[in-house]
Amino acid sequence: MTHPLADIGINLTDKRFQPDLDAVLERARTAGVRWQLITGTDADSSRQALSLARQHEALFCTAGLHPHQASAMTPSLLSELDALARDEQVRAIGETGLDFNRDFSPRPLQEKAFAAQLAVAVTRQKPVFLHQRDAHARFLPILREQRDQLPDAVVHCFTGTQRELFDYLDLDCHIGITGWLCDERRGSALQALVHNIPANRLLVETDGPYLLPRDLPEKPPVKGRNEPSLLPWIVKRLAECRGETVDTVAEATYRNSCRVFNVVQ
């Protein structure tokens with residue numbers, strides 16, 4: 001692979017990265033990952049993500065409240081997210097959306113928190129970093145209501161149906177593909193769908209330390225942990241599924257990532 005990559009979804013604030021973060025970042029650079037977007041999932045992790053982004057080159061972050069944490073939404077927390085969104089290193093609002101699979105927060109509170117964060121993104125003119133699981137019927141109209149006022153929208157870690165994919169593309173969303181694609185148990189439907197994603201809407205991410213590709217040809221640097229240095233393998237598998245060269249996919253996803261998150265190439 002001769003083209004640089006961007007990991008647009010990485011949970012570097014996870015405790016599993018604390019013991020060897022510098023080594024993780026160095027391996028990523030060696031693997032051709034030029035920059036990373038750290039995911040914020042609540043007030044604390046968003047603050048930590050911003051702190052990391054300020055300390056290290058080629059790191060940016062999001063600020064948001066995951067739907068699992070929607071019960072924690074208060075006016076003061078929303079104000080804090082709005083304040084974080086003003087920082088130059090914060091390139092998107094999220095991870096936000098709906099998760100009706102686990103229902104860790106009541107659905108009405110999830111919907112309220114989702115709409116509120118979309119409004120922050122509109123005010124600050126930042127793209128949104130979106131999560132949706134088993135909630136498409138409610139997720140779509142809430143997003144549609146504010147989509148025209150948003151600069152961009154990324155459906156993170158897409159694993160949905162063809163209908164969902166086409167609905168998101170109709171709203172000019174970008175689609176984030178992870179190592180789910182590399183799972184022989186669960187990834188076959190996604191493998192068959194990814195050729196439908198236009199090249200200018202395609203993004204790649206590890207979502208590390210989660211979603212370690214199950215078909216890695218070698219053991220990961222740390223057992224059971226996904227990390228940005230493994231992103232080239234996801235790109236390789238994505239290229240195979242799309243019937244394209246690895247460099248074609250790498251170039252397209254990197255160009256899209258820089259455009260969406262306002263990173264100078």
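Values reported hereafter were calculated over all heavy atoms of this structure, with side chains retained and with hydrogens, waters and symmetry mates removed.
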Task: Partner residues of Asp44 under the side chain to side chain donor-acceptor pair (under 3.5 Å) criterion, sequence neighbours left out - done: Gln48
TODO: Only counting residues at least two apart or in another chain, list the ones meeting side chain to side chain donor-acceptor pair (under 3.5 Å) with Thr96.
DONE: Gln117
Task: Any residue meeting side chain to side chain donor-acceptor pair (under 3.5 Å) with Glu145, in chain and number order, not counting sequence neighbours - done: none
Open item on the list: Whether the side chain of Arg201 engages the backbone of Asp172 through a donor-acceptor N/O pair (distance < 3.5 Å, no angle test) should be reported.
Closed with: yes
Task: side chain to side chain donor-acceptor pair (under 3.5 Å) against Glu111, all qualifying residues, sequence neighbours excluded - done: Arg138
- [ ] List the atom of Leu65, the atom of Ala70, and the distance in Å for their closest heavy-atom pair.
- [x] CD2-CA, 3.9 Å
- [ ] Provide the closest heavy-atom pair for Leu5 versus Tyr254 in the form atom of the first, atom of the second, distance.
- [x] C-CD1, 3.5 Å
Task: Under 3.5 Å: donor-acceptor pair, side chain of His195, backbone of Ala192 - done: yes
Task: CA sep, side-chain torsions, deciding dist, call: His131, Asp99, side chain to side chain donor-acceptor pair (under 3.5 Å) - done: CA-CA 7 Å; His131 173 106; Asp99 193 310; 2.8 Å; yes
Open item on the list: Could you check whether Asp183 pairs with Arg186 (Lys NZ or Arg NE/NH1/NH2 to Asp/Glu carboxylate O, under 4.0 Å)?
Closed with: yes
- [ ] Determine which pairs satisfy side-chain hydrogen bond (donor to acceptor under 3.5 Å, both in side chains) with at least one residue from residues 79-93, sequence neighbours left out, and list them in order.
- [x] Arg47-Glu80, Arg54-Asp87, Asp82-Arg86, Asp82-Arg124
TODO: For Glu164 and Thr161, indicate whether the former's side chain and the latter's backbone hold a donor-acceptor pair under 3.5 Å.
DONE: yes
Task: Asn226-Thr206 side chain donor-acceptor pair, cut-off 3.5 Å - done: no
- [ ] With sequence neighbours left out, write down each residue that passes ring-ring contact (aromatic ring centres under 6.0 Å, His included) with His156, or none if nothing qualifies.
- [x] Phe129
Open item on the list: Please check this pair: side chain of Asn11 against backbone of Thr13, looking for a donor-acceptor N/O pair closer than 3.5 Å.
Closed with: no
